[in-house]
Chemist: 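Pasting in a structure now, in structure tokens, and then I'll have a few things to ask.
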Amino acid sequence: MTEAEFIPFARPDITEAEIEAVVETMRNGWLTTGPNAAAFEQEFADFVTGGAGGVHAVAVNSATAGLHLSYEAMGIGPGDEVLVPTWTFTSTAEAVRYLGADPVFVDVDPDTLCIDLVDAEKRLTDRTKVIAPVHFAGLGVPNQALADFAATHGLRIVEDAAHALPTINEGAMIGTHGHDATVYSFYATKTMATGEGGMVLTPHEDVAKRMRTMRLHGIDRDVFDRYSSKKPSWHYDIVAPGYKDNLTDTAAAMGRVQLRRLPEMTARRAAIAARYDEAFADLPLQLPAHAPEGSTHAWHLYVVRLTAEAGLNRDAFIQEMADEGVGTSVHFIPMHLQPYWRDTYQLTPEMYPVASAEFERVVSLPIFSSMTDDQVDRVIAAVRASLD
Ligand SMILES: *Cc1c(COP(=O)(O)O)cnc(C)c1O
């Protein structure tokens, strides 16, 4: 029976502990942002900084919301430009448009598929305010080069760390380098999941305060404060037309358990990636870039690229894998090829030669921490059979 079961490309890793934590929020009656969300913020900041502190954590209901709040807190508005790699999910760019500003897409490094700072430099204008690197698949964008680039050109940094929990980048955990904002996703497929959810870390008190206000209708104090502090509970001030981006306590309760399990889940992903690396070494595949000395890879994704010797194209390979009972995906369809972005900014494949070429041959193989050894073996067998 299990032999015939389809192996999905991704699957959340949920145990009885997460289920009990969620049920407990239902029993205690606090469903929306409350004690669990506050504890989750503290525990998340402690995890990323190793207890050293120095960052403010703001829980939100998605990374998309976190990106929006981050750009908003940086003062991004109409006429401003944000450098975004074309190799990303649309969130990194769409949140710029929410504010009436323009994403400027940048080509990627052929090895890592992360933003190419040489190309980024060519796309700078006097309207460029922010650079939003994506640590693709869970591998960090070279940190010193990024920091130097931003400092040289007077840009703020909003890191899209949706894939990079946890990732050590040049000796320090992503989220602790002092960049203006680091945004995480707890979407169902990510390295830890709350269904929908996200977190923003920032070293700046004023940025954190603005994000806390804007994530909840522009109210100056969040609901939890309102019911636990000494001011009359009915009183609140609206100081801006804010949004509805707060994280529920139900999701936060699940997140707290996932966070405790994250080291174990990360180790499992790394072990699966190591098995794949070994098993695919002799195949006509370009295997994923590895972290350099002093850095680590979170292995949110395991992306292979078919080489010319493979003898079949990416779409045919995906079909063969599906026929073998294995789900795959493609990360990403570059933004410059998507109708809205292409047409709005008159983008052509020639403007992004690396991303346009690499897109044709990338495939994401299943990698998730609840994968069994048997499932890993079946994926390996399916890849070998498909490339025969
Ligand atoms: C998943 C993802 C997002 C969006 O995360 P949500 O929590 O679903 O909003 C943003 N950027 C990248 C690179 C992602 O992969």
Side-chain angles (χ1 to χ4, degrees), residues 9-12 37 40 44 57-72 82-98 103 105-106 108-109 112-115 130-141 146 157-167 169 174-175 179 181-201 211 215 243-248 250-252 254-255 258-259 269 288 297-303 329-338 341 355 358-359 362 364 367-368:
F9 149 71
R11 195 191 171 131
F40 185 33
F44 192 88
V58 179
V60 289
N61 58 22
S62 69
T64 307
L67 289 161
H68 182 202
L69 290 169
S70 298
Y71 296 143
E72 201 275 342
V82 176
L83 296 170
V84 174
T86 187
W87 201 274
T88 188
F89 185 62
T90 195
S91 302
T92 329
E94 75 184 13
V96 176
R97 290 296 299 137
Y98 296 168
F105 294 110
V106 178
V108 290
D109 177 274
T112 63
L113 304 174
C114 288
I115 193 165
V130 168
I131 182 167
V134 176
H135 304 295
F136 179 68
L139 185 62
V141 172
L146 172 66
I157 300 174
V158 174
E159 298 177 275
D160 181 336
H163 300 184
L165 180 68
T167 297
N169 193 2
I174 285 177
H179 301 322
T182 306
V183 183
Y184 301 88
S185 173
F186 311 133
Y187 181 67
T189 60
K190 299 288 158 63
T191 56
M192 61 166 266
T194 65
E196 303 288 352
M199 191 74 75
V200 187
L201 296 182
M211 292 195 295
R215 77 174 163 182
Y243 315 119
K244 190 70 200 289
D245 291 342
N246 55 306
L247 186 69
T248 66
T250 308
M254 190 171 163
Q258 289 267 287
L259 186 63
R269 283 176 181 274
H297 198 310
W299 295 111
H300 163 54
L301 299 174
Y302 189 92
V303 177
S329 192
V330 171
H331 297 88
F332 285 105
I333 304 169
M335 291 304 107
H336 69 273
L337 301 179
Q338 292 288 5
W341 299 115
E358 298 307 319
F359 166 61
V362 288
S364 303
I367 186 163
F368 49 93

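Whatever order the structure lists them in is the order used to number ligands and atoms, beginning at 1. Residue indices begin at 1 and follow the sequence shown.
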Chemist: One line per pair, note the atom names and distance for all nitrogen or oxygen contacts under 3.5 Å between ligand 1 and the protein.
Modeler:
residue	atom	partner	partner atom	Å
ligand 1	5 (O)	Ser185	OG	3.2
ligand 1	7 (O)	Ala63	N	2.8
ligand 1	7 (O)	Ser185	OG	2.7
ligand 1	9 (O)	Ala63	N	3.2
ligand 1	9 (O)	Thr64	N	2.8
ligand 1	9 (O)	Thr64	OG1	2.5
ligand 1	11 (N)	Asp160	OD1	3.4
ligand 1	11 (N)	Asp160	OD2	2.7
ligand 1	15 (O)	His163	NE2	2.7
ligand 1	15 (O)	Lys190	NZ	3.2

Chemist: So Tyr184 and Ile174, do their side chains get closer than 4.5 Å, heavy atoms only?
Modeler: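 In short, these two side chains touch, coming nearer than 4.5 Å.
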
Chemist: Any side-chain donor paired with an acceptor under 3.5 Å for Trp341 and Thr90?
Modeler: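 Checked: Trp341/Thr90 side chains pair up, N/O donor to acceptor below 3.5 Å.
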
Chemist: Under 4.5 Å between any side-chain heavy atoms of Tyr98 and Thr64, yes or no?
Modeler: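 Yes - at least one pair of side-chain heavy atoms lies under 4.5 Å apart.
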
Chemist: Do you know which two heavy atoms are closest between Ala162 and Lys190, and how far apart they sit?
Modeler: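 That would be O-CD, 3.3 Å.
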
Chemist: Heavy-atom distance under 4.5 Å between the side chains of His331 and Leu301, does that happen here?
Modeler: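 Of all side-chain heavy-atom pairs linking Leu301 with His331, at least one is under 4.5 Å.
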
Chemist: Go through the side-chain N and O atoms of Ser364 and Ser329 and say whether any donor and acceptor fall under 3.5 Å apart.
Modeler: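 Their side chains do not contain a donor-acceptor pair, so the 3.5 Å distance test is not met.
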
